[in-house]
Peer 1: 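Shown below is the structure under consideration.
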Amino acid sequence: MAPLGRGRSVRGTEKGKNRVSKDKGTGRRTLVAGNWKMNLNHLEAIALVQKIAFDLKPAELETVEVVVIPPFTDLRSVQTLVDGDKLALGYGGQDLSPHGSGAHTGDISGPLLAKLGCSYVVVGHSERRADHHEDDAQVAAKAKAAYAAGITPILCVGEVEEIRAAGTHVEHVLGQLAGSLAGITAEQAATIVIAYEPVWAIGTGRTASAQDAQDMCAAVRGQLARLYGDEVAAGIRVLYGGSVKAANAGELFTMPDVDGGLVGGASLVAEEFVGIVRSGPPA
Ligand code: PGA
């Protein structure tokens, strides 16, 4: 099984000749990550991961990188299942402490997640920013802690409804992005995943239009180019999140700067999640 690395492409290979490019010609492999939030116990986690892995064909899992992000309490069970059955699925944590270890009751560190085989961790999700008052500086510290543990951050940015209504959403999101990337080097940024998640679209059933998602993801890439240069920016995957479902994922994922999705509610239902994965480039 091929590694779950970024940017894999069939272009230039014998197999890839005369085929539709699997990555819209960008070199960026589509990523679909299921953010389960505070749902599903470890037994339910096993059942869902088994269903997803059973439904998706090896070729589909090669084309699209599929990742689940369960609650911490499920991770050991998911690890055992993925390792034992050699599933081509990645998994990660929903948050991590900026600290590596120590007296931080209730927190989970990067090294603890790394030991469980997590390849990703979400940082700066709007629910953490709202519920736990996390600001950009804290998000940047968490992203750094993730890299220190060898884990790739999925860094979330997005505007609330009032900011979109005021028309200042682009500058708001680009400001959030720059602040949340403070101290992250170009070498580190080359592997990061950014998720643009308009807060008004999360869990509401209101999805941004594909064009709105594209416009913001392109603006995010422009900001990444200013921070890290064109080449690094061109390799970074920018996801859209906010009420992604099987019915709208196809339109979103064909947009040139939308490299996949961070999926909440629809990731809890195997058929929906598999449908979203199948909305990516054809296997
Ligand atoms: P949703 O959540 O798909 O339920 O809108 C997305 C997210 O918060 O990552």
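Quick caveat, the model's predicted, so the values are computed rather than measured. We're numbering straight along the sequence, starting at 1. Order of listing sets the numbers, starting from 1, for every ligand and every atom in it.
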Peer 1: Can you check whether Gly264 has an N/O within less than 3.5 Å of an N/O in ligand 1?
Peer 2: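 Looking only at distances, the answer is yes, because the N/O contact criterion of under 3.5 Å is met.
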
Peer 1: Considering only the protein, which heavy-atom contact is closest to atom 7 (C) of ligand 1, and what is its distance?
Peer 2: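 Among all protein heavy atoms, the one nearest atom 7 (C) of ligand 1 is Glu197 OE2, 3.1 Å.
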
Peer 1: Say whether Gly203, considering both its backbone and side-chain N or O atoms, lies within less than 3.5 Å of an N or O atom on ligand 1.
Peer 2: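 So ligand 1 has an N or O lying under 3.5 Å from an N or O of Gly203.
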
Peer 1: Considering only heavy atoms, does Asn35 approach ligand 1 within less than 4.0 Å through its side chain, its backbone, both, or neither?
Peer 2: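 Asn35 to ligand 1: side-chain contact only, backbone stays beyond 4.0 Å.
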
Peer 1: List every atom of ligand 1 that sits less than 4.0 Å from any heavy atom of His125, numbering the atoms from 1 in the order shown and giving each element.
Peer 2: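 Answer, ordered by atom number: 7 (C), 8 (O), 9 (O).
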
Peer 1: Need the ligand 1 atom indices (1-based, order shown) with element for anything under 4.0 Å from a heavy-atom of Gly242.
Peer 2: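 Contacts of ligand 1 toward Gly242, numbered from 1: 5 (O).
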
Peer 1: If we only count N/O pairs under 3.5 Å, is Gly265 in contact with ligand 1?
Peer 2: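 Yes - when backbone and side-chain N and O of Gly265 are compared with those of ligand 1, one distance drops under 3.5 Å.
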
Peer 1: State plainly whether the residues Lys37 and Glu127 are in salt-bridge range, i.e. N to O under 4.0 Å.
Peer 2: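 Yes, Lys37 and Glu127 are salt-bridged.
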
Peer 1: Less than 3.5 Å apart, any donor N or O on the side chain of His125 or Glu134 sitting next to an acceptor on the other?
Peer 2: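 No - no donor-acceptor pair under 3.5 Å links their side chains.
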
Peer 1: Just let me know how Ala201 lines up against ligand 1, side chain, backbone, both or neither, with a heavy-atom cut-off below 4.0 Å.
Peer 2: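 Ala201 to ligand 1: backbone contact only, side chain stays beyond 4.0 Å.
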
Peer 1: Identify, by atom number and element, the atoms of ligand 1 in contact range of Ser243, meaning under 4.0 Å from any of its heavy atoms.
Peer 2: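 Heavy-atom distances to Ser243 below 4.0 Å select 1 (P), 3 (O), 5 (O).
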
Peer 1: Using a strict cut-off of less than 4.0 Å between a Lys/Arg side-chain nitrogen and an Asp/Glu carboxylate oxygen, indicate whether Asp55 and Arg278 qualify as a salt bridge.
Peer 2: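 Looking at Arg278 together with Asp55, the answer is no, because their closest N to O distance does not fall below 4.0 Å.
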
Peer 1: Distance only, no hydrogens: is a donor on one side chain within 3.5 Å (strictly under) of an acceptor on the other, for Gln176 and Tyr196?
Peer 2: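 Their side chains do not contain a donor-acceptor pair, so the 3.5 Å distance test is not met.
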
Peer 1: Taking Arg129 first and then Asp136, would you say they form a salt bridge - that is, a charged N and a carboxylate O separated by under 4.0 Å?
Peer 2: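 Salt bridge between Arg129 and Asp136, a charged N being under 4.0 Å from a carboxylate O: yes.
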
Peer 1: Any luck finding a side-chain donor-acceptor pair between Glu159 and Trp200 under 3.5 Å?
Peer 2: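 Result is yes, a qualifying pair exists.
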
Peer 1: Before signing off on this row, confirm whether Lys37 and ligand 1 have an N or O atom pair separated by under 3.5 Å.
Peer 2: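 Yes; the residue has a nitrogen or oxygen that sits under 3.5 Å from a nitrogen or oxygen of the ligand.
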
Peer 1: Got a salt bridge between Asp212 and Arg164, using NZ or NE/NH1/NH2 to carboxylate O under 4.0 Å?
Peer 2: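 Salt bridge between Asp212 and Arg164, a charged N being under 4.0 Å from a carboxylate O: yes.
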
